[in-house]
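Here's the structure, in structure tokens; my notes come after.
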Amino acid sequence: FDNGHGYLAMPPSGRGPGLIVIQEWWGLDDHIADVTDRFAAEGFVALAPDLYGGRVVHETSDAARLARELPVGEAVDLLSSAVDHLLAMDEVTGDRVGAVGFCMGGAFVLTLAARAGEKIAAAVPFYGGAGESPDFSNLKAQIMGHYGEKDQSVPVDALPDLKAAIERDSGITPTFHVYPAGHAFFNDQRPSYHEESARLAWNRTLEFLRANLAG
């Protein structure tokens, strides 16, 4: 797509609703590719844009540096162009897409949905975006967020303020689920993985995306 690359996974039927999958701060790694494949297997045309231009890191210090060096505006421009790319594909059904993001990508999901307006029908941040508040006045997407109650980096006590900001700006009431887990509990390639919470969040996400991207 314009100015960017990514990992595209197609559903078995060859057609389905479009879904943007937004990486953690490690980059477009095996975990994000696997999650993208899992969404495709569930019927979505899933696209994970590469925000780091091919770089993948494994050390926290490197990830923090790359995330810090990534201008938010530039990242959201790239994600917006990925949304347009999906919507232009003959294989994508409907005129709106979904977006799911993890960690750094969780924050980007909310910023992207706020900017993309009518193009995004459902936005799902996993442990991201609390403590940040873009202008949500253009938001048209329904929102379901997943957070860990033991998360040190995205504290759940910031969620009421985020919910209030979304409601105030857009009139949309988000649904936030809190799990007995820490940060990155969905990532089955890291020690933080919490299987029970991950499975519940996955099932809730699929149900939410199907309900909002039907037709």
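Using a 4.5 Å heavy-atom threshold, the side chains of M10 and M89 count as touching. A heavy-atom distance below 4.5 Å is not found between the side chains of V45 and P17. Residues S197 and P180 meet the side-chain proximity criterion, which asks for heavy atoms closer than 4.5 Å. At least one side-chain heavy atom of Y179 sits under 4.5 Å from a side-chain heavy atom of H146. Put simply, the side chain of L213 does not reach to within 4.5 Å of the side chain of F208, judged on heavy atoms. Two residues are said to be in side-chain contact when any heavy atoms from C-beta on lie closer than 4.5 Å; F39 and L206 meet this criterion.
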So K119 and R96, side chain to side chain contact (heavy atoms under 4.5 Å, CB included) or not? Walk me through it. CA-CA 5 Å; K119 294 177 182 177; R96 304 171 77 194; over 6 Å; no

For I20 and V100, what are the C-alpha separation, side-chain angles and deciding distance, and is it a side chain to side chain contact (heavy atoms under 4.5 Å, CB included)? CA-CA 6 Å; I20 297 288; V100 178; over 6 Å; no

N138 vs R115, side chain to side chain contact (heavy atoms under 4.5 Å, CB included): CA-CA, chis, key distance, verdict: CA-CA 6 Å; N138 194 41; R115 183 191 292 191; 5.8 Å; no

For I32 and D29, what are the C-alpha separation, side-chain angles and deciding distance, and is it a side chain to side chain contact (heavy atoms under 4.5 Å, CB included)? CA-CA 6 Å; I32 295 300; D29 59 10; 3.5 Å; yes

Steps toward side chain to side chain donor-acceptor pair (under 3.5 Å) verdict (N203, T205): CA-CA 5 Å; N203 290 334; T205 297; over 6 Å; no

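Residues D34 and T36 have side chains that never bring a donor and an acceptor to within less than 3.5 angstrom of each other. When only modelled atom types and interatomic distance are considered, N187 and E24 share a side-chain donor-acceptor pair under 3.5 Å.
The aromatic ring centroids of Y193 and F186 lie 6.0 Å or more from each other. The six-membered or imidazole ring of F126 lies away from that of W202, with a centre-to-centre distance of 6.0 Å or more.
In this structure, CZ in F136 is found 5.5 Å from CG in L162, a value given to the nearest 0.5 Å. Remark: E74 CD to L79 CG distance equals 11.0 Å, nearest 0.5 Å. With rounding to the nearest 0.5 angstrom, the OG1 atom of T175 is 9.5 Å from the CD1 atom of I143. The CG atom of L78 sits 9.0 Å away from atom OG of S80, with the distance rounded to the nearest 0.5 Å. Residue E195 holds its CD atom at 13.0 Å from CZ of F185, rounded to the nearest 0.5 Å. Atom CG of residue D161 and atom CD1 of residue I166 lie 11.0 Å apart, to the nearest 0.5 angstrom.
Between G131 and A158, the closest heavy-atom pair is N-CB, 3.8 Å. Listed here is the closest heavy atom pair of G148 and V178: C-CG1, 4.4 Å. The two atoms that bring V156 and P160 nearest to each other are O-CD, 3.7 Å, heavy atoms only. In this structure, A123 and A113 approach most closely via the heavy-atom pair CB-CB, 4.0 Å. The minimum heavy-atom distance linking A9 with D37 is given by the pair CB-OD1, 3.6 Å. Here the closest heavy-atom approach between residue P134 and residue D169 is recorded as O-OD2, 4.0 Å.
The residue from F102, Y127, W25 that alone fulfils the ring-ring contact (aromatic ring centres under 6.0 Å, His included) condition with H183 is Y127.
Of the possible polar contacts, one joining the D50 side chain to the G54 backbone as a donor-acceptor pair under 3.5 Å is found. At least one donor-acceptor pair under 3.5 Å links the side chain of R55 to the backbone N or O of Y52.
Under the 4.5 Å side-chain contact rule for hydrophobic residues, L8 and L51 share a cluster. Under the 4.5 Å side-chain heavy-atom criterion for ILVMFWY residues, a single connected hydrophobic cluster contains both V154 and L159. Criterion: ILVMFWY side-chain heavy atoms under 4.5 Å apart, direct or through other members. Under it, V56 and L47 are not part of a common hydrophobic cluster.
A salt bridge does not link D90 with R15: none of the charged nitrogens is closer than 4.0 Å to a carboxylate oxygen. One finds a salt bridge joining R65 and E69 here, because a Lys/Arg side-chain nitrogen approaches an Asp/Glu carboxylate oxygen to under 4.0 Å.
Remark: E149 CD is packed, more than 12 non-hydrogen atoms of other residues, nucleotides or ligands lying under 6.0 Å away. No more than 12 heavy atoms of other residues, nucleotides or ligands sit less than 6.0 Å from atom NZ of K163. Atom NE2 of H5 is surrounded by 12 or fewer heavy atoms from other residues, nucleotides or ligands within 6.0 Å. The environment of CD in E196 is sparse: at most 12 heavy-atom neighbours from other residues, nucleotides or ligands sit within 6.0 Å.
Geometric assessment of R190 against the ring of W26 yields a positive cation-pi assignment under the 6.0 Å and 45° thresholds.
With sequence neighbours excluded, no residue forms a ring pair (Phe, Tyr, Trp, His ring centres under 6.0 Å) with H31. In terms of the ring pair (Phe, Tyr, Trp, His ring centres under 6.0 Å) criterion, residue partners of F176 (sequence neighbours excluded) are, by chain and number, Y147.
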